[in-house]
Undergrad: 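Have a look at this one before I ask anything.
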Amino acid sequence: MLAASGSLRPAVAEGFRCGYVAVVGRPNVGKSTLINHIIGEKVSITSKKPQTTRNRVLGVVTKPMAQFVFVDTPGFQTKVKTQLTRRMNRSVRSTLAEVDAVVFVIEALGWRPGDLEVLSLLPRDAKNVILAVNKTDLSKNRDALLPLMAESMSRYPFTAIVPVSAEKNRQLDDLLAEIEKLLPESVPYFDPDLFTDKSPRFLAAETIREKAFRLLGDELPYGIAVTIDKWAETDEEATIIATLIVERESHKPIVIGEGGAKLREISRLARADIAEMLGKRVYLEVWVRVRRGWSDDVKALKTLGYD
Ligand SMILES: Nc1nc2c(ncn2[C@@H]2O[C@H](COP(=O)(O)OP(=O)(O)OP(=O)(O)O)[C@@H](O)[C@H]2O)c(=O)[nH]1
Ligand SMILES: [Mg+2]
């Protein structure tokens with residue numbers, strides 16, 4: 001459609017809405033899973049372990065009458081204070097100030113002290129905060145949701161409360177409908193075909209980190225980062241060389257595993273996901289390197305992309 005001024009404008013329906021939606025909550029409540037399942041693409045890695053998400057990741061979904069630009073944020077946490085967690089918390093705070101709507105996520109099993117800490121970051125008079133009560137598939141008794149909703153309203157004046165199961169894709173459309181009401185009328189910000197702002201390179205590095213998070217024991221993963229050292233692509237295949245960075249010499253054998261078994265498994269699973277994402281054959285080589293205390297080292301964080 002050619003506008004009167006002569007400039008090209010996208011043809012959007014009258015009343016089309018578009019806006020930024022922050023998804024916040026304490027670690028591990030299912031923020032990234034929720035965004036991935038709403039979008040239908042893997043834009044943000046997930047794991048059973050808290051503090052999986054480290055960067056702000058955009059996930060975009062375009063419906064007939066609205067475009068939602070989700071901002072996945074790291075789970076806000078107060079226990080471990082390194083330069084990395086400080087940066088993660090700062091990104092949650094700054095995101096809150098910039099968005100049109102906020103989806104605050106808790107688990108259906110009830111409020112926890114960590115949830116209240118995140119809640120205290122929200123302005124008291126905001127009229128754009130929706131509570132998503134996630135993991136409803138885990139609560140055996142659906143009646144327990146009613147008192148939980150009442151308790152939630154006494155804690156904060158949420159605009160709406162929507163029980164969902166991100167994992168089982170339950171009531172995600174209801175959540176979208178509530179969010180849509182909060183978005184301003186606008187042309188879409190992004191090409192409707194696009195679903196994230198992140199490059200395949202970033203997503204590949206994150207995929208390797210996800211497999212390490214999922215396959216390694218409890219303590220190690222927080223000290224893991226991934227760099228992509230080589231990326232060469234043709235139409236048919238991609239050759240990727242990556243390094244898993246650990247914080248201590250003693251971590252190296254744990255990541256490598258007996259006879260290299262652990263590292264091979266991390267590589268195998270990551271390669272399969274990356275091949276699916278790129279739609280081509282992938283040759284992936286993963287090395288392990290020690291960078292002492294990187295998560296508390298400002299310079300190291302910068303080179304690893306966590307600034
Ligand atoms: N049963 C169940 N598990 C879920 C649901 N949504 C997420 N999970 C699980 O909860 C865990 C944490 O999910 P994530 O999406 O990584 O959580 P997060 O809030 O992004 O975590 P951080 O990035 O660490 O803050 C994973 O093991 C998910 O599979 C759900 O609806 N039901
Ligand atoms: Mg996450």
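Throughout, residue positions are numbered sequentially from 1 according to the sequence presented. Just the heavy atoms: all of them, side chains too, but no hydrogens, waters or symmetry mates, feed the values below. Atoms within a ligand are numbered from 1 in the order they appear, just like the ligands themselves.
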Undergrad: Would you kindly say whether T207 and D273 are connected by a side-chain donor-acceptor distance under 3.5 Å?
TA: no

Undergrad: Parallel, tilted or perpendicular: which one describes the rings of F104 and F158, with boundaries at 30° and 60°?
TA: tilted

Undergrad: Test side-chain hydrogen bond (donor to acceptor under 3.5 Å, both in side chains) on D137 and S165; report intermediate values, then the result.
TA: CA-CA 6 Å; D137 57 296; S165 168; 2.9 Å; yes

Undergrad: Can you report which non-hydrogen protein atom sits closest to atom 17 (O) of ligand 1, along with the distance?
TA: G30 N, 3.1 Å

Undergrad: Using 2.8 Å as a strict upper limit, say whether an N, O or S atom of S32 approaches the Mg ion (ligand 2) that closely.
TA: yes

Undergrad: Among protein heavy atoms, which sits nearest to atom 2 (C) of ligand 1, and what does the distance come to when rounded to 0.1 Å?
TA: D137 OD2, 3.5 Å

Undergrad: Between the side chains of Q83 and S295, does any donor sit under 3.5 Å from an acceptor?
TA: no

Undergrad: Compute the shortest N/O to N/O distance between T46 and ligand 1 and return yes if it is under 3.5 Å, no if not.
TA: no

Undergrad: Which atoms from ligand 1 have a heavy atom of K48 less than 4.0 Å away?
TA: 27 (O)

Undergrad: Can R155 and E151 be counted as an ion pair, charged N to O under 4.0 angstrom?
TA: yes

Undergrad: Do F195 and V61 touch side chain to side chain, with heavy atoms closer than 4.5 Å?
TA: no

Undergrad: With no hydrogens and no angle check, do the side chains of S32 and T46 hold a donor and an acceptor under 3.5 Å apart?
TA: no

Undergrad: I want to know if ligand 1 touches G75 in the polar sense, i.e. an N/O pair below 3.5 angstrom.
TA: yes

Undergrad: Residue-level breakdown please: for N134 versus ligand 1, do any non-hydrogen atoms fall below 4.0 Å on the side chain, on the backbone, on both, or on neither?
TA: side chain

Undergrad: Got an N/O contact under 3.5 Å between T33 and ligand 1?
TA: yes

Undergrad: With R209 as the cation and F213 as the aromatic partner, state whether NZ or CZ is under 6.0 Å from the six-membered ring centre and within 45° of the axis.
TA: yes

Undergrad: Answer yes if the side chains of R56 and T95 hold a donor-acceptor pair under 3.5 Å, and no otherwise.
TA: yes

Undergrad: Is the shortest heavy-atom distance from the side chain of V133 to the side chain of V164 under 4.5 Å?
TA: no

Undergrad: Among protein heavy atoms, which lies nearest atom 3 (N) of ligand 1, and at what distance?
TA: E167 OE2, 3.6 Å

Undergrad: Can you name the atoms of ligand 1, numbered from 1 with element, that are less than 4.0 Å from a heavy atom of K31?
TA: 15 (O), 17 (O), 18 (P), 19 (O), 20 (O), 21 (O), 22 (P), 25 (O)

Undergrad: Among protein heavy atoms, which lies nearest atom 21 (O) of ligand 1, and at what distance?
TA: N28 N, 3.0 Å

Undergrad: Please identify which atoms of ligand 1 are closer than 4.0 Å to at least one heavy atom of S47.
TA: 11 (C), 12 (C), 13 (O), 16 (O), 26 (C), 27 (O)

Undergrad: Judged by non-hydrogen atoms, does G25 sit under 4.0 Å from ligand 1?
TA: no

Undergrad: Can you confirm, on distance only, whether ligand 1 has an N/O atom lying under 3.5 Å from any N/O atom belonging to I45?
TA: no

Undergrad: Is there a salt bridge (Lys or Arg N to Asp or Glu O under 4.0 Å) between R214 and E265? Walk through the geometry before answering.
TA: CA-CA 11 Å; R214 290 184 178 188; E265 186 65 357; over 6 Å; no

Undergrad: Which atoms of ligand 1 are found less than 4.0 Å from any heavy atom of L138?
TA: 1 (N)

Undergrad: Relative to atom 23 (O) of ligand 1, which among V23, T136, T53, N36 owns the nearest non-hydrogen atom?
TA: T53

Undergrad: Is T53 close enough that one of its N/O/S atoms sits under 2.8 Å from the Mg ion (ligand 2)?
TA: yes

Undergrad: Checking the N or O distance criterion of under 3.5 Å, is ligand 1 in contact with K135?
TA: yes

Undergrad: Under 4.0 Å from a heavy atom of P50: give me the atoms of ligand 1 that qualify, with their elements.
TA: 24 (O)

Undergrad: Quick one: do D115 and R26 make a salt bridge, cutoff under 4.0 Å?
TA: yes

